[in-house]
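To start, the structure under review is shown below, and the notes come after it.
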2 protein chains.
Amino acid sequence: MDDPQSEMPRAPDSRDKILEVAEGLFAYGGYAGVGMRQLASMVGLSKSSLFHHFPTKLDLYASVLDRVLSRIEAGLDGARPRTDSPEARLTAWIDAAVQTLSEDVPAGRLMMRALVDEEPFPALELKPGPGSGREPMSFEVRLARILGRFEGLLASGIEQGVFRPVSIGDTILSVIGSIILHFASGDLGEILIGEPIFSGAAVERRRRELSEFIQRGLLA
Amino acid sequence: MDDPQSEMPRAPDSRDKILEVAEGLFAYGGYAGVGMRQLASMVGLSKSSLFHHFPTKLDLYASVLDRVLSRIEAGLDGARPRTDSPEARLTAWIDAAVQTLSEDVPAGRLMMRALVDEEPFPALELKPGPGSGREPMSFEVRLARILGRFEGLLASGIEQGVFRPVSIGDTILSVIGSIILHFASGDLGEILIGEPIFSGAAVERRRRELSEFIQRGLLA
DNA sequence: GTCTATACACCGATAGAC
DNA sequence: GTCTATCGGTGTATAGAC
């Protein structure tokens, strides 16, 4: 943002290190379940230093959400299908989502928590509109963009008659839920599928299963 | 449990009232996000009285989970399909799940949190086995039963060639995720579908959409 | 930018009167 | 079964030295 020639990853400074450790903690314990003392000791700084980099805990949490959403957005945008058919685009989107979440252990849990929580954030006012009174936060803009692109994919597929005329909102919730819960389910997921959910074999099977399941569910 | 002739719902005593209020609070704020003081004031008791009924906050939380799971289990078991075909059983199961969650606002959120959290509970040791050292809690037994029945439904459908030979564990996670996220998504869900997620129209459409989506995803 | 020291509200939990 | 009073600890956040 404020580094004019930043394309390459910089050497991690204290701020980055705080964000990284906080991400794991928030994913594991949720917003209210993490204390600044605990975080400070794991980062190796004093508690006061945390408040130098982030004025409040809520600011820190918003930055963590923005960081993980930016990685997810980059992962989804990097996937280019071979053709522009809705099926190919849908498959590429699912593959990219699974791939991205599989390489980013805290991401699934963090996202699921953010989607379910109304607190500490009033649930992502995606379209604040003129009279809402509040400006959207950075991570809200990112989430709106991600969901908007998927919505566009579904709409064009339906328009072309490739997908069934499903309810787009319902379908977004169904697809997101089926993709994310797996990577957010921890021990329960491991028990259900019989191996670690982030193992190579489990991820590759997940990709195939989800692709088949969702394609069949949507195709006309 | 300790009322020999209890078939009818009793008049709600303090314990029931605590559980009911706590359920809403835990669903909204998660385990760590709720304080016993806040709960006590909302119930209309002193904090100490809470500890008379439940020795620790964790015991209270376990009781809340058990209570909501018992309602879900009852809702799922009450649905009897007209025939014993796997398609009919699956449809009946989905209808019952949607119906139950739609009539029980805190349930979806509470369940989603319980599935994602490893803390405060070490994630539902569904099959503790002989050497696990720990006895399963009441709500774990209930969840294992619910998931086990759905697993049996899928297995018999696959065996009869009605369903595709999907990975059962993956499919359970996909189906559960797509069903629950909708009812746990709060404001975000409302924005996505354009109306309150618990409104009659939204619930009825949800039932149809999920039924179609999942049936098509699974049928051979 | 990092530290020590501190402020003060709230945390879960207990003791003991009624 | 409910209450008041209290415990030690932790919550976020700030002041001010270096």
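Numbered from 1 within each chain, the chains take letters A, B, ... in sequence-line order.
OP1 or OP2 of dT2(D) lies within a sub-4.0 Å distance of a side-chain N or O belonging to H53(B). Phosphate contact (OP1/OP2 of dG1(C), side-chain N/O of S49(A), threshold under 4.0 Å): absent.
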Anything under 3.5 Å between a protein N or O and an N or O of nucleotides 8-12 of chain D, put it in a table, one pair a line.
unit_1: dG11(D); atom_1: N7; unit_2: R37(A); atom_2: NH1; d: 2.8
unit_1: dT12(D); atom_1: OP1; unit_2: V34(A); atom_2: O; d: 3.2
unit_1: dT12(D); atom_1: OP1; unit_2: K57(A); atom_2: NZ; d: 2.7
unit_1: dT12(D); atom_1: OP2; unit_2: M36(A); atom_2: N; d: 2.7
unit_1: dT12(D); atom_1: O4; unit_2: R37(A); atom_2: NH1; d: 3.2

Please list, pair by pair, any protein nitrogen or oxygen found under 3.5 Å from a nitrogen or oxygen in nucleotides 15-18 of chain C.
unit_1: dA15(C); atom_1: N6; unit_2: S48(B); atom_2: OG; d: 3.4

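Evaluation of the salt bridge (charged side-chain N to carboxylate O under 4.0 Å, His left out) test over residues 21-30 of chain A, restricted to residues two or more places apart or in two chains, returns E23(A)-R67(A), E23(A)-R71(A). Residue pairs meeting the side-chain hydrogen bond (donor to acceptor under 3.5 Å, both in side chains) criterion with at least one member in residues 26-43 of chain A, sequence neighbours excluded, do not occur.
In this structure D77(B) satisfies the salt bridge (Lys or Arg N to Asp or Glu O under 4.0 Å) test together with R149(B), sequence neighbours excluded. For T91(B), the side chain to side chain donor-acceptor pair (under 3.5 Å) partners at least two apart in sequence or on another chain are Q215(B). With sequence neighbours excluded, the residues that form a ring pair (Phe, Tyr, Trp, His ring centres under 6.0 Å) with F150(A) are W93(A). Partners of F198(A) according to the ring pair (Phe, Tyr, Trp, His ring centres under 6.0 Å) rule, which considers only residues two or more places apart in sequence or in another chain, are F183(A). Scanning for side chain to side chain donor-acceptor pair (under 3.5 Å) contacts around S174(A) gives R206(B), with sequence neighbours left out. S49(B) meets the side chain to side chain donor-acceptor pair (under 3.5 Å) test with S46(B); sequence neighbours excluded. The side chain to side chain donor-acceptor pair (under 3.5 Å) search around T56(B) returns D59(B), not counting sequence neighbours.
For the pair M137(B) and D66(B), the minimum side-chain heavy-atom distance is 4.5 Å or more.
Between the CG atom of L60(B) and the P atom of dC11(C) there is a distance of 14 Å, rounded to whole Å. If you take CG of L39(B) and P of dG12(C), they are 9 Å apart, rounded to a whole angstrom.
Sorted by residue number, the members of residues 14-22 of chain B with any non-hydrogen atom under 4.0 Å from DNA chain D read S14(B).
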